[in-house]
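Side-chain atoms are counted along with the backbone in the values below, which use heavy atoms only and exclude waters and symmetry mates. Every value quoted in this text rests on a predicted model; they were computed, and no experiment measured them. Positions are given from 1, in the same order as the sequence printed here.
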Amino acid sequence: AGGDRDTQDAFDTLGTVLEVVCRVSAPLLPLITEDIWRGLTGVGSPAAGADDERSVHLSDWPDPASLPWDAGLVADMDLARAVCSAAHSVRKAQGLRARLPLATLTVASAGADRLKPFTGLIAEEVNVKSVVLTDDVDRFAARVLTVTFKVAAPRLGPATQAVAAAARRGDWELIDGGRARVGDSVLGSGEFEMRVKPVDASTTRALAGHAGLVVLDTAVTPELAVEGRARDLVRMVQQRRRDAGLDVTDRIRLEVAGGPDLRAALDAHRDWVAEQILAVDIAAADVAGVTGDGSAPEGWSSARLADGTDVWVRLTRHGAGGAA
């Protein structure tokens, strides 16, 4: 199955990276790298034989030429990282927390299709429902030609002012050979730069090197707000699990009390929340019964989620006699 192959590839990559890092770090961390390296390579194991006394300190220094290298993949992943960074920049500027899902991220670039294998990864990293790839940059931004006068002026001479005026009024076009006509003059490569000016700067970021644009749909629908609230609840419960000293594999029973907004989040995403926090059961409690005189009774704890929703929770280790 594809998933099994991907898992094996991931383990192979991790093993290779760790083994090479051990060899590189051996002069600085002689004991710990020896222990890790012997575990990775099987040296000293029954299968290797008792006489196998090889050491990381006797192994060859890593040769970059012996390691797999895919320049295209590295370039594509660099672009994917740049896209995610740009999207997070929009989120931060708009005050949209990372756990709040958004509808769409659009990447507009002449080479956007190269990101097709990574759309799932980008969607997960940026927390959007879908990633749209398009080469229609003009839909989201205006192209602006800027004359590099330091390079062009010595050649243009008296025509420099006319070229500057033509560029300002948009009297230009790209022509063959990487050149541009600006007014009555033709500029060669290096004598001008192409930039993009986003139609909506609040939701759009230009990629480095003018490789394209990233456009984030920042509209928060009621459904997205509810899902974001469920994600915030998961984070809050996970913190309570850590505070209670629970093991990461411990299953729990969870009691939750809150207003209509919290109940809506639980009704819509109960199964997902239970899966994330390892809950065998999630029970809704009455707020009045929990808060009573304004203070939470024993075993209950309160918090305010990122969107301002108040919530009270009590969790119990599954199979245990009392609250965790």
Side-chain angles (χ1 to χ4, degrees), residues 64-65 69-96 104-119 121-122 125-126 128 131-219:
W69 174 258
D70 187 334
L73 177 60
V74 171
D76 291 347
M77 283 304 301
D78 284 344
L79 178 59
R81 290 174 59 192
V83 166
C84 293
S85 178
H88 284 306
S89 172
V90 174
R91 272 189 177 272
K92 184 176 181 180
Q94 295 298 314
L96 299 169
T104 308
L105 175 72
T106 301
V107 181
S109 169
D113 280 349
R114 58 195 277 208
L115 291 176
K116 230 175 231 185
F118 312 109
T119 53
L121 182 64
I122 293 172
E125 171 63 24
V126 181
V128 294
V131 175
V132 177
L133 306 177
T134 178
D135 59 1
D136 187 8
V137 177
D138 294 334
R139 176 185 169 190
F140 304 100
R143 297 177 186 268
V144 179
L145 182 143
T146 303
V147 180
T148 308
F149 289 105
K150 183 177 180 180
V151 178
R155 184 182 66 81
L156 292 172
T160 299
Q161 293 301 321
V163 168
R168 284 196 298 270
R169 66 173 180 267
D171 180 15
W172 59 267
E173 63 177 341
L174 297 178
I175 57 179
D176 61 315
R179 301 176 299 162
R181 178 196 62 78
V182 184
D184 295 328
S185 301
V186 174
L187 301 183
S189 176
E191 295 183 330
F192 67 94
E193 289 184 353
M194 290 301 305
R195 301 180 182 274
V196 290
K197 184 178 180 181
V199 173
D200 185 354
S202 66
T203 62
T204 307
R205 294 290 184 273
L207 294 171
H210 313 294
L213 296 167
V214 172
V215 185
L216 186 64
D217 182 355
T218 57

Once side-chain hydrogen bond (donor to acceptor under 3.5 Å, both in side chains) is applied, do any residues pair with [X], and if so which ones, sequence neighbours excluded?
{"X": "Thr148", "result": "none"}
{"X": "Arg114", "result": "Asp76"}
{"X": "Asp138", "result": "Arg143"}
{"X": "Arg179", "result": "Asp176"}

(message) Is it the case that over 12 heavy atoms from other parts of the model lie below 6.0 angstrom from the CG atom of Asp70?
(response) yes
Taking every non-hydrogen atom, the tightest pair across [X] and [Y]:
{"X": "Leu216", "Y": "Ala87", "answer": "CD2-O, 3.8 Å"}
{"X": "Arg205", "Y": "Ser89", "answer": "NE-OG, 3.1 Å"}
{"X": "Phe149", "Y": "Ala164", "answer": "CZ-CB, 3.5 Å"}
{"X": "Ser185", "Y": "Ala159", "answer": "OG-CB, 4.2 Å"}
{"X": "Leu174", "Y": "Ala180", "answer": "CD2-CB, 4.0 Å"}
{"X": "Ala167", "Y": "Val147", "answer": "CB-CG2, 4.0 Å"}

Any chance you could measure [X], atom [atom1], to [Y], atom [atom2], to the nearest 0.5 Å?
{"X": "Leu79", "Y": "Ile122", "atom1": "CG", "atom2": "CD1", "answer": "7.5 Å"}
{"X": "Thr218", "Y": "Leu96", "atom1": "OG1", "atom2": "CG", "answer": "6.0 Å"}
{"X": "Met194", "Y": "Trp172", "atom1": "CE", "atom2": "CH2", "answer": "3.5 Å"}
{"X": "Cys84", "Y": "Leu105", "atom1": "SG", "atom2": "CG", "answer": "8.0 Å"}

Does [X] have any side-chain contact (heavy atoms from CB on, under 4.5 Å) partners at least two apart in sequence or in another chain, and if so, which?
{"X": "Lys116", "result": "Asp113, Leu133"}
{"X": "Ala82", "result": "Leu207"}
{"X": "Asp78", "result": "Val74, Arg81"}
{"X": "Thr134", "result": "Thr106, Ala108, Asp136, Phe140"}

(request) Check the pair Val126, Val83 against side chain to side chain contact (heavy atoms under 4.5 Å, CB included), reporting the backbone distance first and the verdict last. (result) CA-CA 9 Å; Val126 181; Val83 166; 5.8 Å; no
(request) Show the numbers, then the answer: is there a side chain to side chain contact (heavy atoms under 4.5 Å, CB included) between Val182 and Leu145? (result) CA-CA 9 Å; Val182 184; Leu145 182 143; 3.9 Å; yes
(request) Name all residues meeting the salt bridge (Lys or Arg N to Asp or Glu O under 4.0 Å) criterion together with Arg181; count only those two or more places apart in sequence or in a different chain, and write none if there are none. (result) Asp171, Glu173
(message) Checking Glu191 now: which residues fulfil salt bridge (Lys or Arg N to Asp or Glu O under 4.0 Å) with it, not counting sequence neighbours?
(response) Arg155
(request) Would you check if Val214 and Val90 make a side-chain contact, meaning some heavy-atom pair closer than 4.5 Å? (result) no
(request) Verify, without hydrogens or angle tests, whether Thr204 (side chain) and Asp200 (backbone) share a donor-acceptor contact under 3.5 angstrom. (result) yes
